[in-house]
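Just below is one structure, and these are the notes that go with it.
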There are 2 protein chains.
Amino acid sequence: MREPTFLVLTALAEEPQHGYAVLEDVARMTGGRVRLRAGTLYSALDRLKTEGLVEVEREEVVQSRLRRYYRLTGLGEKLLAAESARLREQAALADARLRVRQQPGGSPA
Amino acid sequence: MREPTFLVLTALAEEPQHGYAVLEDVARMTGGRVRLRAGTLYSALDRLKTEGLVEVEREEVVQSRLRRYYRLTGLGEKLLAAESARLREQAALADARLRVRQQPGGSPA
DNA sequence: CCGTATATACCTGTCATCGGTATATTCCTC
DNA sequence: GAGGAATATACCGATGACAGGTATATACGG
């Protein structure tokens with residue numbers, strides 16, 4: 001799973017959101033670093049829907065514009081949690097190696 | 001940066017290693033989950049060398065076979081540390097959202 | 001002598017993502 | 001009321017990291 005996909009799932013983890021709200025949420029969560037393109041977002045949502053990680057919760061029409069709300073499925077929740085654990089583990093691996101580098105001498109016993 | 005690239009940099013963080021050793025190191029670090037293909041590894045090393053994140057430390061000939069040792073550069077170290085921090089932040093983001101999901105009621109003031 | 005392990009390297013395909021564009025409506029500005 | 005920005009969804013072509021396979025050469029075990 002790549003970063004944009006992970007962030008889309010994260011945006012939907014708390015409560016259902018429509019596409020444009022996800023776009024803004026991701027930008028806010030990352031402090032403006034990640035600004036998803038519309039193409040990235042909607043193809044990701046379609047893909048995740050096909051994979052059963054998200055589903056359409058409801059559709060609203062606000063000011064003549066369609067809002068399609070996506071919700072994280074149970075499967076999506078499990079996968080996001082697993083992915084999050086993997087990220088933490090890899091960060092820990094890298095940090096441990098980098099610490100040894102700064103403080104040479106190999107593993108301390 | 002994708003997972004294989006991150007793991008290659010991590011493998012080189014502690015001390016220089018040659019290609020095949022990186023392959024085994026990554027498999028060991030991930031408990032066998034990630035087994036890099038030779039094509040993935042060597043194209044990644046070439047790419048990272050071009051980007052200045054790794055460099056060739058030395059070349060040895062062991063049993064008539066060339067061993068090319070790669071070392072993480074200072075730039076590579078900085079980038080790996082930054083990437084590791086990013087992974088931790090994203091994991092924290094996802095975990096926070098998932099916790100709210102399990103325990104509904106929004107942010108607790 | 002055949003398969004496996006070590007070791008590097010190339011080459012083709014795939015797929016997520018990027019970047020741009022199209023569509024439509026509402027709000028704000030001039 | 002014309003033009004631009006924001007909202008909202010959707011399609012399309014290009015890119016680039018990676019997967020998977022293959023080629024190469026040598027050493028070792030059966």
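Proteins come first, then strands; the chains are lettered A, B, ... in the order of their sequence lines, and each starts at number 1. Basis for what follows: all heavy atoms, side chains included, without hydrogens, waters or symmetry-related copies.
- Exactly one residue among B:Glu3, B:Arg88, B:Glu83 makes a side-chain hydrogen bond (donor to acceptor under 3.5 Å, both in side chains) with A:Gln90. That residue is B:Glu3.
- For D:dC18, one of the phosphate oxygens OP1 or OP2 lies less than 4.0 angstrom from a side-chain nitrogen or oxygen of B:Thr5.
- Nearest nucleotide to the side chain of B:Pro4, out of D:dA8, D:dC18, C:dA9: D:dC18.
- Regarding A:Leu23, its CG atom lies at a distance of 13 Å from the P atom of D:dA6, rounded to whole Å.
- Across the protein-nucleic acid pair, B:Asp46 atom CG and C:dA9 atom P stand 7 Å apart, rounded to whole Å.
- Straight-line distance from the CE atom of A:Met1 to the P atom of C:dC15: 17 Å, rounded to whole Å.
- We find that CZ of B:Arg37 is positioned 17 Å from C1' of C:dA9, with the value rounded to whole Å.
- The residue among B:Leu36 and A:His18 whose nearest nucleotide of DNA chain D lies closer to the 5′ end is A:His18.
- Distances shown here put every side-chain N or O of B:Arg2 at or beyond 4.0 Å from the OP1 or OP2 atom of D:dG16.
- A:Leu66 and A:Leu23 fall into different hydrophobic clusters, where Ile, Leu, Val, Met, Phe, Trp and Tyr are joined by side-chain heavy atoms under 4.5 Å apart, directly or via other members.
- Contacts of B:Gly39 with the nucleic acid, taken as non-hydrogen atoms under 4.0 Å apart, include base atoms.
- A:Leu41 places its CG atom 11 Å from the C1' atom of D:dA10, with the value rounded to the nearest Å.
- Side-chain proximity of B:Glu24 to C:dT6, C:dT17, D:dT9: nearest is C:dT6.
- The 12-atom threshold is not exceeded at CZ of B:Arg35, counting heavy atoms of other residues, nucleotides or ligands nearer than 6.0 Å.
- Atom C1' of nucleotide D:dA8 and atom CD of A:Glu59 are separated by 13 Å, given to the nearest angstrom.
- In this structure, A:Ser43 and B:Arg67 both approach DNA chain C, and ranking their closest nucleotides by distance from the 5' end singles out B:Arg67.
- Between B:Tyr42 and C:dT8 there is a side-chain N or O to OP1 or OP2 distance below 4.0 Å.
- Between the OH atom of B:Tyr20 and the C1' atom of C:dT4 there is a distance of 9 Å, rounded to whole Å.
- Considering CD of B:Glu57 and CZ of B:Arg68, their distance stands at 13.5 Å, rounded to 0.5 Å.
- Residue A:Ala44 has its side chain nearest to C:dT17 when only D:dA19, C:dT8, C:dT17 are considered.
- Counting to the nearest Å, the P atom of D:dA8 and the CZ atom of A:Arg58 are 13 Å from each other.
- Separation of atoms CD (B:Glu60) and CZ (B:Arg67) is listed at 6.5 Å; rounding is to 0.5 Å.
- Remark: B:Arg68 is in phosphate contact with C:dA9, judged by side-chain N or O atoms under 4.0 Å from OP1 or OP2.
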